[in-house]
Enquirer: 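Handing you a structure now.
When reading the values below, keep in mind they use all heavy atoms of this one structure, side chains included, and skip hydrogens, waters and symmetry mates. For this chain, numbers begin at 1 and follow the sequence in order.
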Amino acid sequence: MKSLTSSYAGISSLACLILYVMLVSSPNINIAFASSASASTEAEALLEWKSSFKTDTQNNLTSWTHSARANASPCNVWTGISCNTARSVNRINLTNSGIQGTLHEFPFLSFPNLEYVDLSLNKIFDAIPPQISSLSKLIYLDLSYNELSGKIPPEIGLLTNLEVLHLVGNQLNGSIPEEIGQLKYLYELALYTNNLEGSIPTSLGNLSNLNFLFLYENQLSGNIPPEMGNLHNLVELYLDTNYLTGPIPPTFGNFKELTVMSLCNNNLSGSIPLELGNLKSLVQLYICKNNLSGSIPASLGDLTNLTHLYLYQNELSGAIPKELGSLISLVDLELTMNNLTGSIPTSFGDLSNLEILYLRDNQFSGSIPEEIENLMKLTVLELRLEWNQLTSNISEDFGVYPHLQFIDLSHNNLYGEVSHTWGQCPHLATLRIAENNLTGSIPPEIGNAAQIHELDLSSNKLVGVIPKDFGRMTSLLKLVLNDNQLWGHIPSEFGSLTNLEYLDLSTNKINESIPSSIGDLFRLNYLNLSSNNLSHEIPFQLGKLVHLSQLDLSYNLLENRIPSELSNMQSLETLNLSHNNLSGLIPTTFDEMPGLLYVDISYNQLQGPIPNNKAFQDGTLDGNEGLCSNVVRRLQPCTNISKSSPKSASRKKKEHQPIHHNMQDGEIFSVLNFDGRKMYEEIIKATNGFDSMYCLGKGGSGSVYKAMLSSGDIVAVKKLHEILDADGVDVETSRKDFLNEVRALVEIRHRNIVKLLGYCSYPSHLFLVYEYLGKGSLSSLLSNEHEAKKIDWRYRVRIVKGVAHALSYMHHDCKPPIVHRDISSNNILLSDECEPCVSDFGTAKLLNPNSSNWTARAGTYGYVAPELAYTMKVTEKCDVYSFGVLALEVLMGKQVGDFISSFSHLSDSANILPKDVLDQRLPPPIPQVEDELIIIAGLAIEYRHSHPQSRPTMLKVSQVLSSQLAYCYKQQDITLEQLIN
C-alpha cells in the first residue's frame, strides 16, 4: 500500500508539474479564461446599475444590452466603457449621457481596476456613497454638474491614488473633510459652485502636488489657513465668492508658480501682504470687494507679468505707489471705490498695454499726468476718474486716443477748455466731464465724433453758442449741456439728431425761439429747456414727441397760448410750463392725458377752467388769477362753464366716488365714505403725532405706522418724507410718489392689491391710509426663522399665485395698464390668512398706447430687469422679471441675489426638480403641491429671461399657475413653452 500510494503521489506530482509548464508556456489561455469571467461580472454589474436609472433615461445607453453581453465583455463595445490589457474595465466616461439616477446602486466592489470615472453633466442626485472608497486605483474622478447633495464623504480620503477630483456645480453641503489632505498625489481639486460651509481645512496644506485649487462660489467662512502656503506648486487659486474673513496669509508669497489668484467677494480684512510681490509668475490678481485696508504695497510693482489687477471696492488708503508703473504687461487696472489719495502717478504713462483704467470714487487730487497720453491702447477703455478731487488743465492733458470708447472725468476740479481733439477719437462713444470748472466755448470739431452716443458737459462754466456742428453727431442718444453759460439760439440742425432720447439744455442763457425742428426728435423721452431766455410761442410741432415722458420749459419768456397739440404726448408724465408769459385758455384736449402725473403751470397769465384731469387738479396753479374750477376749491369757481357731459356725469355715479374736504391749506380725500377731517384728526391722535413707537417699518419714500381708529378699525398709515432727509429724499420726490400711488390705487380694486382708504395732503403731513394687513411684509416673514416655518408650501403657492393674478389685472385689465416697477418681497404684504397684497405704488407708471414709456429708473436692487441698466424704457415685462425673482425667493425662502449661481446651470426649466430650490426649513411638499412648485420653479427661469420679449405675459403666467394646467403639465408630455403659448 505504501508503494502504491507513493506511485499515485508521484503521478500527481508529475501532473501538477505538467500543468504548471503548460500554464507558463501558454499564459494567454489562463488569462483569457480569467478575464472572460471578470468581464462578464463587470458587464452584469453595469447592467444592474443601468436598471436603477429612471426609465426614460435608460435608452440613452442603447449599447448596454444583454445581447451585447454575449461577447462576454463590455470593453470598447459599450458606450463610455474602456478596459485595460487584461480586459477589465478601467475607464468609465459617461459625461453628458442623460443619466438620471443615484450612485447608491453603483457596483463599486465590482471594479477593482477602475482608474478613470467621468459622470459629469448628468442628473445624478442624492449623496455620494462612502463605498466610493472601494475604488482604490482611482486616479480621476469627475462628478461635476449633477444634482448631488449631502456631504462629501470623509472616505474619499482613502482614494490615495487620486490625482484629479471634480465635484463642481452640485448642491453639496457641510464642510470640506480634513481627509482630503491625505490625497498626496492630487494636483487638481475643484469644489466650486456648491453650498459647502465651515472653514477651509488646514490639511489642504499637505497637498504638495496641487496645481489647481477651485473653491469659489460656496459658503466657506473663517480665516484662510496659513498652511496653504505650503502648496509650492500651485498654479491657479480661486477662493472668491465665499464668506472668508481675516487677513490674506503672508505665506501666500510662497506661490512661486502661481498665475491666477482670485479672492474677491469675501470679507477679508487687514492689509495686502508685501509678500505678494514675490509671485513673479502671477498674471491675474483679483482681491476686489473685501474689507482690506492700508496702502497698496509697492512690491506689487515687481509683478511684471501681471495683466489684470483688481483691488476695487475695499478700504485701501494712501497714494498709489509709483511702482505700479512697472507693470508693463498690465491690460486692466481697477482701483475704484477705495479711499486712495494723492495724485495719479506719472509712471502710469509707462503702462503701454493698458486698455482699461478705473480710478473713480476715491479722493485723488492734483492733476491728471500728461503721460496719460502715452496710453494709446486705451480701448473699452474706460478711463474712469469721476468723483475725485483732480485739478488739471484738461485742454493740455489729453491727446488723440485711436481706440478710446468711454471716458468719465465728472465730479472733479478740472479746468481749461474742452479739447478739439476729442472729435478725433474715432471710436469714442461716451464722453462725460460734468461738474468741473471748464471754461471757454464748445469746439465745433467735437461734431467730428460721429460715433458718440452720450455727451455730458453739464455743470461747468462753458460760454458761447451751441455749435451747429452737433447736427452731424447723428449717433447721439443723450446730450447734457445744462448749468453752463451758453447763449445764442438752439441750432435748427438739432433736427438731424433723430436718435436722440435725452436732451437737457436747462440753466443757460439761450434765447430766441424753440426751433420747430425739435419736434422731429421723435425718440425723445426727456426734454428740459428750463431756466433760459427762450421767447415767442411754444411750437405746436412738439406735439409730435409721442415718446416724451418729461417736458420742462419753465423759467423762460414763452408767450401766447399753450398749443393743444401737446396733448398728443400720451407718454407724458411731468409737464412744467411755470414762470413764463403764457396766456389764454388751457386746451380741453388735456382732459384725455391719463398718464400725466405732475403739472406745474404756475405764474403765467392763463385763464378759464383747468382741464378735467387729476394731474391738473392736483398741480401747482398759483400765479394765474384767471384760472377757475368747480372741483379745486383753492381756485375761484367757474360760473359760466357748461353742464357736465354725459360721460363725466356717469363717471360721478361710480361706486366709491371720491369725496373732497377742505381743511385750511390742505385737502383730505376719502374713498370709503370716511369723514375726511375726522380721519385726519383720529390718525394724528392714534399715532401720537407719528411717534416712533407706532412705526411698523421704514422705506425709501416714507414710514408706515399702525393706527387704531375710534371705531376699533386698525389701519396702516404711510407717511411720506416731507423735507430733505439724510437719505436725500426731497419734497418733490415725495409728492410725486404720493400722486403716483393715489392715482394708481384710487380706481383699481383687486383682492391681491392693497386697498387705499384715503389720503391727506396737508402742509405739515403727507400720508396715505390703507387697510391693515396683520402679518406684515413677505420679506420680514421669510427672514424670520420661526415665522417662515409657518408659511408652508400651500401658503407659498397661494402667495405666488396671488401676486401673479394682481399683476395680470394691472397689466391687462386696467386701462391704461399699470406697471408697478418695484415688485419685491418688501412690497408684498400678507393678511392673517397669508393672502398676499401688492403694495407701495409710489413708483408705478401708467402705460399708454403707441408709446415707448420712457421714465426714470426705479426698483429694488436684485429685482430690477437687466434692460433697465442701459435704458429707461419701462414695459410690463419689467414687472415680469421682478416677479420671477420674487417667485424664486418664495420657494427658496431667501433672497435670490446671493444664491443666483444655484440656477445659472439650469437651462432646461422643464426638468427642474423641487429640491433644487425649495426652502430647507420646511418639510417636503405633498405630491399635489409639489406639482405646482415644479411649475413655479420652471416658470421662474422663464420670467428671468434677459430678453424682455422672451418673457411670458402675466396673463399667461396667471393662467399657467392654475391647478388644472399644473395637472396637465404633469400628466402629458408637454413643455413649459407649450404650456405658456
Side-chain angles (χ1 to χ4, degrees), residues 115-118 120 128 132-133 135-144 151-170 172 174-194 196-218 220 222-242 244 246 248-264 266 268 273 275-276 278-287 305:
E115 298 177 353
Y116 182 103
V117 173
D118 189 346
S120 61
I128 302 173
I132 199 168
S133 62
L135 306 178
S136 58
K137 293 185 179 181
L138 205 59
I139 295 174
Y140 184 101
L141 177 60
D142 191 345
L143 303 177
S144 300
K151 298 181 178 181
I152 300 173
E155 289 82 0
I156 211 161
L158 298 176
L159 302 176
T160 53
N161 290 305
L162 207 59
E163 297 177 1
V164 174
L165 176 59
H166 290 177
L167 302 177
V168 174
N170 285 287
L172 298 171
S175 59
I176 301 172
E178 287 275 351
E179 289 79 1
I180 284 184
Q182 301 171 14
L183 307 178
K184 60 182 179 179
Y185 296 114
L186 203 65
Y187 71 83
E188 194 166 312
L189 176 59
L191 306 178
Y192 61 89
T193 315
N194 278 288
L196 298 173
E197 55 193 13
S199 58
I200 299 173
T202 58
S203 64
L204 292 191
N206 300 331
L207 304 178
S208 57
N209 289 305
L210 204 61
N211 292 162
F212 303 95
L213 178 57
F214 305 126
L215 302 181
Y216 63 90
E217 289 183 4
N218 278 289
L220 300 172
N223 290 3
I224 300 174
E227 290 82 357
M228 288 181 64
N230 298 329
L231 306 178
H232 298 286
N233 292 307
L234 208 57
V235 176
E236 294 186 10
L237 173 63
Y238 288 85
L239 303 179
D240 53 282
T241 317
N242 280 288
L244 299 172
I248 301 171
T251 57
F252 274 21
N254 298 335
F255 300 147
K256 299 299 174 62
E257 306 297 324
L258 198 67
T259 62
V260 180
M261 180 192 295
S262 182
L263 307 177
C264 289
N266 280 290
L268 299 173
E275 290 80 359
L276 295 189
N278 298 330
L279 308 180
K280 308 298 184 185
S281 300
L282 203 61
V283 176
Q284 299 173 22
L285 177 59
Y286 306 112
I287 323 181
N305 290 309

Enquirer: Given L191 and L172, is the side chain to side chain contact (heavy atoms under 4.5 Å, CB included) satisfied, shown in steps?
Expert: CA-CA 9 Å; L191 306 178; L172 298 171; over 6 Å; no
Enquirer: Nearest 0.5 Å please: distance from the CG atom of L207 over to the CD1 atom of I180.
Expert: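 Rounded to the nearest 0.5 Å, the CG-CD1 separation comes out at 8.0 Å.
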Enquirer: Using only atom types and a distance under 3.5 Å, with no angle test, would you say the side chain of T241 pairs donor to acceptor with the backbone of Y216?
Expert: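 Absent.
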Enquirer: So do L204 and L215 actually touch side chain to side chain, heavy atoms under 4.5 Å?
Expert: yes
Enquirer: Indicate yes or no: at least one non-hydrogen side-chain atom of T160 is less than 4.5 angstrom from one of Y185.
Expert: no
Enquirer: How about L263 and L244: do any of their side-chain heavy atoms sit closer than 4.5 Å?
Expert: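 Of all side-chain heavy-atom pairs linking L244 with L263, none is under 4.5 Å.
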Enquirer: Heavy atoms, side chains only, cut-off 4.5 Å: are L165 and L159 in contact?
Expert: no
Enquirer: Do you know which two heavy atoms are closest between E236 and T259, and how far apart they sit?
Expert: CG-OG1, 3.8 Å
Enquirer: Compare every heavy atom of I128 with every heavy atom of P153, then report the nearest pair and how far apart it is.
Expert: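 That would be CG-O, 3.6 Å.
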Enquirer: Begin with the C-alpha distance, continue with both residues' side-chain angles, and end with the deciding distance and a verdict on side chain to side chain contact (heavy atoms under 4.5 Å, CB included) for L268 and I224.
Expert: CA-CA 9 Å; L268 299 173; I224 300 174; 4.0 Å; yes
Enquirer: Under 3.5 Å, which donor-acceptor pairs do the side chains of residues 279-287 form with other protein atoms, sequence neighbours left out?
Expert:
from, atom 1, to, atom 2, distance (Å)
K280, NZ, G277, O, 3.3
S281, OG, K256, O, 3.0
Q284, OE1, Y286, OH, 2.7

Enquirer: Ignoring hydrogens and geometry, is there a side-chain-to-backbone donor-acceptor pair from N266 to L239 under 3.5 Å?
Expert: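 The answer is yes, because a donor-acceptor pair under 3.5 Å joins these two groups.
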Enquirer: After noting the C-alpha distance and the side-chain angles of N218 and I176, does the key distance pass the side chain to side chain contact (heavy atoms under 4.5 Å, CB included) rule?
Expert: CA-CA 11 Å; N218 278 289; I176 301 172; over 6 Å; no
Enquirer: What are the two closest heavy atoms between P225 and P201, and how far apart are they?
Expert: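 Distance-wise, the nearest heavy atoms are CG-O, 4.2 Å.
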Enquirer: Tell me, please, which residues at least two apart from Y140 pass side chain to side chain donor-acceptor pair (under 3.5 Å).
Expert: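 Per chain and number, Y140 pairs via side chain to side chain donor-acceptor pair (under 3.5 Å) with no residue.
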Enquirer: Look at atom OH of Y116 and say whether more than 12 heavy atoms of other residues, nucleotides or ligands are closer to it than 6.0 Å.
Expert: yes
Enquirer: As an exercise, state the distance from CZ of F212 to CG of N233, rounded to the nearest 0.5 Å.
Expert: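 The distance works out to 11.0 Å.
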Enquirer: Step by step, would you call L210 with L189 a side chain to side chain contact (heavy atoms under 4.5 Å, CB included)?
Expert: CA-CA 8 Å; L210 204 61; L189 176 59; 4.1 Å; yes
Enquirer: Report yes if some heavy atom in the side chain of D142 is under 4.5 Å from a heavy atom in the side chain of V164; otherwise report no.
Expert: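 Side chain of D142 against side chain of V164, heavy atoms only: no contact under 4.5 Å found.
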Enquirer: Would you indicate whether the side-chain heavy atoms of I152 and N194 approach each other to under 4.5 Å?
Expert: no
Enquirer: Show the nearest heavy-atom pair for residues P226 and P249, with the distance to one decimal.
Expert: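 Scanning both residues completely, I find the closest heavy atoms to be CA-CB, 4.0 Å.
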Enquirer: Do you know which two heavy atoms are closest between S133 and L158, and how far apart they sit?
Expert: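 Shortest heavy-atom contact: CB-CD1, 3.8 Å.
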Enquirer: In terms of side-chain heavy atoms, does E178 have a donor or acceptor partner in S203 at a distance below 3.5 Å?
Expert: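 Checked: E178/S203 side chains pair up, N/O donor to acceptor below 3.5 Å.
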Enquirer: Do the non-hydrogen side-chain atoms of N230 and N254 ever get within less than 4.5 Å of each other?
Expert: no
Enquirer: How far does CG of L141 sit from OG of S120, to the nearest 0.5 angstrom?
Expert: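 L141 atom CG to S120 atom OG measures 10.5 Å (nearest 0.5 Å).
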Enquirer: What's the separation between atom CG in L234 and atom CG in N209, rounded to the nearest 0.5 Å?
Expert: 11.5 Å
Enquirer: Mind checking the CG-OH spacing from D240 to Y192? Nearest 0.5 Å is all I need.
Expert: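 So the CG of D240 and the OH of Y192 are separated by 11.0 Å.
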Enquirer: Hey, which of T193, D118, L167, V168 is the one that makes side chain to side chain contact (heavy atoms under 4.5 Å, CB included) with S144?
Expert: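 Option passing the side chain to side chain contact (heavy atoms under 4.5 Å, CB included) with S144: V168.
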Enquirer: N211 side chain to E188 main-chain N or O, any donor-acceptor pair under 3.5 Å?
Expert: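 Absent.
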Enquirer: Mind checking whether F255 and F252 have parallel, tilted or perpendicular rings, split at 30° and 60°?
Expert: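 Judged by the thresholds at 30° and 60°, the geometry between F255 and F252 is tilted.
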Enquirer: Nearest 0.5 Å, please: how far is OG1 in T251 from CG in L231?
Expert: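 Spacing of CG (L231) from OG1 (T251) equals 9.0 Å.
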